[in-house]
Amino acid sequence: MLRDKLRQTIADAAGVDITEVQLEHPNLESYGDYSTNIAIKNKLDAKEIASKIPGASVAGSGFINITLSQDVLLSLISNVCDMPDIGQGKTVIVEYSSPNIAKHFGIGHLRSTIIGQALYNLYKTLGYKTVGDNHLGDWGTQFGKLLYMIDKYDLVDYDIEKLEEIYIEFHKLAENNKTLEDEARKWFKKLEDGDKWAREIWHKCIQISLREFDRIYDLLEVKIDHAYGESFYEGKMQEIIKLAKEKVAIHSEGAWIIETGHESPLILLKSDGGTTYATRDLATILYRTTEFDPVKIIYEVGVEQTLYFAQLFSASRKLGLVSGQVELVHTKHGLYLAPEGRKFSTREGNTVKLDEVLEEAINRAKTLGCTDIRTATAVGIGAIKYFDLSHGIQSNIIFDWDRILALQGNSSPYLQYTHARIMSVLAKNNSPLSFPSLKLREGVGGELNPEELSILRWIYRFPEVIEEAASRYSPNLLCNFIYELAQRYNTFYNKHPILGNEFRLALTKSVGDVLKKGLNLLGIEAPEKM
Ligand code: ARG
């Protein structure tokens, strides 16, 4: 990649190691395309270093600014969509979505699904072997509560609505009746011990839930490689429990716990001998490391589980489940807030029906003029995804239909529209466009105009942005990048005729390719027509 070549050139010129050279893009483009403070940091002579680097000049402060020549900019554009293969031979596991059986697919799980899929795509395009896993919440004490209620009411027929209703009712009843939690625990124990009826009901709950989840995944066009789910680890927990008891677990008030240096310990086994969410997560880590040998495991899970993941990660290191080289990452996405700034909530039964939200997005896309259902779906669903991804992962998002579907500003319909317009320009062109072999300057007659140059000085950053978006778990960097590109392109488009000019057509094609690839990496379709 250009950036790394440049870093090497600077390192050689300054006589330092490449790892010391940091390159930034100056905020003002008049300062150049890259800038480095290497001379200041190492108290070296900036002028002398700059004299050895093409396009370099020294700013008063001692920063070395580098302006890429038009030839360099032109040479970069032809393979701007080729990504550096930095992940070759390495595996990354991205765990995402992970909704809970017998509950509605929540808005938090929507965030996880959207962000997780984008991270998965980003790592994949950088050459990593990526493994996606949907860690379904299909095991645990909540099933004890459901079994207790289903048994109590002799329920035969139920859907998710009903299951959620009796779950909420259980908690209300349990407030005044302390024995209910024990009853639920007993039922969960029965399930764990293989009770036939309990297993049947559990299976039925899974079937009901998966039907709903699959409908949502279909709408979102998301396919996750695996959905092992918590129950997959049922038979794999004994190994962890044994290991933990031998190595680090402490017997405390009947339970087995692991001290992790955080404010509370991780519970390995409850006092009734039942396993926990954490026991299953430890078994999951062991399975993942042995099965896939990853360099990194990304947990795309909300900020509310921050303490839990800190405990889990320390416990798994203490147990030696992961070597020091393996990175464990909790992305901590922020909450969705209702328009008045309230928390979207399911606990008090004030449910957000996700499929209704998605349907609404598609209907609103129709009012934007997307007449066929395929385009309306691409635009409506794309808008929801982009709105989510254009926020920093860890910030909260206020749900705002007007901004989600805006045709102007940093929104997906705007980008899709720009892309579709590009496609229609290219469709009008009859002469062959032999990009990338095309000699870019043909037809320009020398100097590029400022609008063309402004595109060239932005578009070459695409691979850098992808790398940064992946390594910082920040798809919003990619959103900002393609939004800025679309704006620059539209300024150019409004000012200069394109048809009949081979260079401008080629430039148009490149912008179209980058917009499409950028949107696709975010999990968003780029329709040819809108
Ligand atoms: N099912 C969980 C929830 O909805 C999320 C799972 C997170 N992943 C994990 N490995 N614990 O809260």
Side-chain angles (χ1 to χ4, degrees), residues 92-117 119-120 131-143 145-146 160 163-164 167 202 205-206 209-210 212-213 216-217 224-234 236-237 240 258 260 262 266-268 275-289 291-292 294 296-317 319 321-322 326-336 343-347 351-352 354 393 473:
V92 169
I93 298 179
V94 187
E95 186 210 279
Y96 59 111
S97 198
S98 312
N100 297 317
I101 298 298
K103 291 193 187 164
H104 276 290
F105 194 103
I107 198 108
H109 299 119
L110 175 70
R111 265 214 103 176
S112 176
T113 310
I114 293 174
I115 299 170
Q117 186 66 53
L119 294 176
Y120 178 94
V131 178
D133 187 17
N134 187 352
H135 194 70
L136 290 171
D138 59 359
W139 200 247
T141 33
Q142 71 271 30
F143 287 98
K145 297 172 187 171
L146 289 171
I160 293 208
L163 288 171
E164 211 162 67
Y167 186 71
W202 171 69
C205 291
I206 293 185
S209 302
L210 288 186
E212 171 168 325
F213 298 167
I216 291 171
Y217 292 133
I224 306 175
D225 299 328
H226 304 281
Y228 292 116
E230 290 184 44
S231 65
F232 176 77
Y233 302 97
E234 203 201 328
K236 297 182 164 46
M237 284 184 281
I240 285 291
I258 302 176
T260 60
H262 297 279
L266 201 69
I267 315 246
L268 178 73
T275 60
T276 67
Y277 181 54
T279 329
R280 288 182 284 287
D281 258 326
L282 289 171
T284 307
I285 292 183
L286 179 59
Y287 178 76
R288 286 176 178 165
T289 48
E291 186 73 16
F292 301 108
K296 198 195 275 276
I297 308 177
I298 302 173
Y299 292 81
E300 207 319 294
V301 185
V303 65
E304 45 314 343
Q305 297 193 35
T306 298
L307 172 62
Y308 171 71
F309 278 106
Q311 295 168 326
L312 177 70
F313 294 169
S314 335
S316 58
R317 300 236 186 251
L319 278 164
L321 301 181
V322 276
V326 181
E327 238 185 301
L328 300 172
V329 181
H330 173 211
T331 55
K332 307 182 189 164
H333 67 242
L335 297 173
Y336 257 113
K343 188 179 167 195
F344 268 86
S345 148
T346 52
R347 255 287 155 98
T351 326
V352 186
L354 199 59
I393 288 197
Y473 317 105

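For ligands, and for the atoms within them, numbers begin at 1 and follow the listed sequence. The model shown is predicted, which means the values in this text are computed figures rather than measured ones.
- Classification of the H226-F292 ring pair by plane angle, with boundaries at 30° and 60°, yields tilted.
- When hydrogens are left out, the protein atom nearest atom 1 (N) of ligand 1 is N100 OD1, 2.7 Å; that is the closest non-hydrogen contact.
- Close approach of ligand 1 to H135 (heavy-atom distance below 4.0 Å) involves ligand atoms 8 (N), 9 (C), 10 (N).
- Among all protein heavy atoms, the one lying closest to atom 12 (O) of ligand 1 is Q305 NE2, 2.9 Å.
- A salt bridge does not link E164 to K103: none of the charged side-chain nitrogens sits closer than 4.0 Å to a carboxylate oxygen.
- For E95, a nitrogen or oxygen atom sits less than 3.5 Å from a nitrogen or oxygen atom of ligand 1, counting backbone and side chain alike.
- Side chain to side chain, Q305 and H330 fail the donor-acceptor criterion of an N or O pair below 3.5 Å.
- Between L354 and I107 there is a side-chain heavy-atom pair separated by less than 4.5 Å.
- What you find for V94 and Y120 is that their closest heavy atoms are CG2-CA, 4.0 Å.
- Checked options L136, I224, N134; the residue passing with S98 is N134 (criterion: side-chain contact (heavy atoms from CB on, under 4.5 Å)).
- For ligand 1, the atoms lying closer than 4.0 Å to a non-hydrogen atom of F309 are 8 (N), 9 (C), 11 (N).
- Atom 7 (C) of ligand 1 has as its closest protein heavy atom Y277 OH, 3.3 Å.
- Every atom of ligand 1 with a heavy atom of H109 under 4.0 Å away is listed here by number and element: 3 (C), 4 (O).
- Which parts of ligand 1 touch Y299 is read off a 4.0 Å heavy-atom cut-off, strictly below it: atoms 10 (N).
- Between D133 and R288, the closest side-chain pair of non-hydrogen atoms falls below 4.5 Å.
- Residue-to-ligand polar distances keep Y308 apart from ligand 1: every N/O pair is separated by 3.5 Å or more.
- Neither the backbone nor the side chain of F105 comes within contact range of ligand 1; no heavy atom lies under 4.0 Å.
- Geometrically, ligand 1 and D281 share a nitrogen or oxygen pair separated by less than 3.5 Å.
- The shortest separation from a heavy atom of R280 to ligand 1 is not under 4.0 Å, leaving the residue out of contact.
- The aromatic rings of Y299 and F313 sit tilted, their planes meeting at an angle between 30° and 60°.
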